[in-house]
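Comments concern the structure below.
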Amino acid sequence: DELDPVPYTDYTRPNVGHMPIWMARQRHLFMVAGTRGGKSHIGPLWLNRHIERVTRRYPRTVSEFAIVAPKLNDILSVGIGLGRMARFYWETNGWDEDVILNKRNYYIDLQPVGIPAVIYTASEQRMHRLQGKNLHAIWIDEGGQFKKELAYLEAVSRLAHDSQMLMTTTPYIEGRWLKDRIEVAKNGDPDDDILVVR
């Protein structure tokens, strides 16, 4: 089944730079941009689009998704990760975070608002939080801060068949592994199912 077209509402006016992400068929998508490059804007839009598609397809199953950030302590901040996702749902649907957001265990449960989906979280030091999950999409926010590639590899190993991962990040010095991976993708390695947008 096809993904929905790019959403156009008063809140969600996509940036032209987002278009390659919306059209991509690659499994691993990297959006590397500086401040005000639209990373925090596209992350929730992209993840919600996947949630809508998957829950239409499997309406009787609780589908699993994830947001990964460098540190679990930061993930509830309104500008990153789970906090950003909760704010997105408040601004677009009017869903109160007290209804959907579990601040104690760091996840969003959309079942109380009639959507069979849960958005789990993990961080570089706590990737075990995704163990046993079969994720239909993963948004890695500020993944360039990961010190080692292992966290990225562990996250994408939880992806279900035909699912996507989006990493939105500022280029950081810690992310040398990310620079190497982008170089490989730029050189057209046929074994890497990657799209890089800068």
Next item on the list: Decide yes or no on side chain to side chain contact (heavy atoms under 4.5 Å, CB included) for Val68 and Thr121, but give the supporting numbers first.
Entry: CA-CA 5 Å; Val68 180; Thr121 59; over 6 Å; no
Note to self: Taking the basic N atoms (NZ, or NE/NH1/NH2) and the acidic carboxylate oxygens, is any pair closer than 4.0 Å for Arg87 and Glu91?
What the structure shows: yes
Checklist line | Beyond-backbone contact of Met85 with Leu47, side-chain heavy atoms, under 4.5 angstrom | finding: yes
Notebook entry, point to check: Side-chain contact, heavy-atom cut-off 4.5 Å: Arg53 with Arg49?
Noted result: no
Should [X] and [Y] be counted in the same cluster of Ile, Leu, Val, Met, Phe, Trp and Tyr side chains packed under 4.5 Å apart?
{"X": "Leu150", "Y": "Met127", "value": "no"}
{"X": "Ile51", "Y": "Trp22", "value": "yes"}
{"X": "Trp139", "Y": "Leu72", "value": "yes"}
{"X": "Val156", "Y": "Val32", "value": "yes"}
{"X": "Tyr89", "Y": "Val99", "value": "yes"}

Report yes or no: does [X] contribute a side-chain atom to a donor-acceptor pair with the main-chain N or O of [Y] at less than 3.5 Å?
{"X": "Asn93", "Y": "Trp95", "value": "no"}
{"X": "Glu142", "Y": "Thr170", "value": "yes"}
{"X": "Glu124", "Y": "Lys148", "value": "yes"}
{"X": "Ser163", "Y": "Leu159", "value": "no"}
{"X": "Thr169", "Y": "Gly144", "value": "yes"}
{"X": "Glu64", "Y": "Leu135", "value": "no"}

Checklist line | Geometric class of the Trp177/Tyr152 ring pair [parallel <30°, tilted 30-60°, perpendicular >60°] | finding: parallel
Next item on the list: Just do the side chain to side chain contact (heavy atoms under 4.5 Å, CB included) check on Ile108 and Asn102 with the steps written out, would you?
Entry: CA-CA 6 Å; Ile108 287 177; Asn102 185 314; over 6 Å; no
Output the distance between atom [atom1] ([X]) and atom [atom2] ([Y]), rounded to the nearest 0.5 Å.
{"X": "Ser63", "Y": "Leu110", "atom1": "OG", "atom2": "CG", "value": "10.5 Å"}
{"X": "Arg25", "Y": "Asp162", "atom1": "CZ", "atom2": "CG", "value": "10.5 Å"}
{"X": "Met167", "Y": "Leu29", "atom1": "CE", "atom2": "CG", "value": "11.0 Å"}
{"X": "Tyr120", "Y": "Leu82", "atom1": "OH", "atom2": "CG", "value": "12.5 Å"}
{"X": "Thr55", "Y": "Gln111", "atom1": "OG1", "atom2": "CD", "value": "11.5 Å"}

Next item on the list: Show your reasoning for whether side chain to side chain contact (heavy atoms under 4.5 Å, CB included) applies to Ile140 and Thr168.
Entry: CA-CA 6 Å; Ile140 301 178; Thr168 54; over 6 Å; no
Note to self: With no hydrogens and no angle check, just 3.5 Å: does a side-chain donor-acceptor pair link Gln164 and His28?
What the structure shows: no
Checklist line | Qualifying residues under ring pair (Phe, Tyr, Trp, His ring centres under 6.0 Å), relative to Phe65, sequence neighbours excluded | finding: His136
Note to self: Enumerate the salt bridge (Lys or Arg N to Asp or Glu O under 4.0 Å) contacts for residues 126-138, please, sequence neighbours excluded, ordered by first and then second residue.
What the structure shows: none
Margin query: I'd like to check the side-chain hydrogen bond (donor to acceptor under 3.5 Å, both in side chains) partners of Glu149; sequence neighbours left out, ordered by chain and number.
Written below: Arg181
Margin query: Run the side chain to side chain contact (heavy atoms under 4.5 Å, CB included) test on Met165 and Phe30 for me, step by step, so that the C-alpha distance in whole Å, both residues' side-chain angles and the decisive distance to 0.1 Å come before the verdict.
Written below: CA-CA 8 Å; Met165 176 281 308; Phe30 293 87; 4.0 Å; yes
